[in-house]
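Below: one structure, written as structure tokens.
Every heavy atom of this structure was used, including side-chain atoms; hydrogens, water molecules and symmetry mates were not.
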Amino acid sequence: MGALLDMYAKCGDVEDARHVFYRLPVRDIVSWTSMIMAYRVQVCNLWLSRTNAKEYLHYLGFSA
């Protein structure tokens with residue numbers, strides 16, 4: 001189930017990742033890291049949808 005959790009996390013599907021996470025018999029460092037990554041992907045996608053991509057690249061230190 002860890003691979004399934006990781007797949008959902010990388011896709012940014014927090015709801016399904018959380019569902020798998022809560023069904024895990026043991027929540028280890030890998031599963032916690034996957035959940036943190038899922039939330040990070042969701043926040044980044046939300047932030048990018050509200051921000052100009054050029055501004056984001058400038059924020060990261062890239063010049064367009």
Quick one: closest heavy-atom pair of Ala9 and Ala17, and the distance?
N-CB, 4.3 Å

Spacing of CZ belonging to Arg40 relative to OG1 belonging to Thr33, to within rounding of 0.5 Å
12.0 Å

What verdict does the side-chain contact (heavy atoms from CB on, under 4.5 Å) test give for Met37 and Asp6, after you've listed the backbone C-alpha separation in whole Å, the side-chain angles of each residue and the deciding distance to 0.1 Å?
CA-CA 9 Å; Met37 187 174 70; Asp6 190 52; 3.8 Å; yes

Can you hop from Met35 to Val43 via hydrophobic side chains spaced under 4.5 Å?
no

One should read off an interatomic distance between Tyr22 OH and Arg27 CZ, to the nearest 0.5 angstrom, of 7.0 Å

Rounded to the nearest 0.5 Å, what separates atom OG in Ser34 from atom CG in Leu5?
4.5 Å

Can you measure from CG (Asp13) to NE2 (His19) and round to the nearest 0.5 angstrom?
11.5 Å

Quick one: do Val41 and Met7 end up in the same hydrophobic cluster if we chain Ile, Leu, Val, Met, Phe, Trp and Tyr together by side-chain heavy atoms under 4.5 Å apart?
no

Could you see if Leu4 belongs to whatever hydrophobic cluster contains Tyr39? Use Ile, Leu, Val, Met, Phe, Trp, Tyr and a side-chain cutoff under 4.5 Å.
yes

Measuring from atom CH2 of Trp32 to atom CZ of Phe21, what distance do you get when rounded to the nearest 0.5 angstrom?
4.0 Å

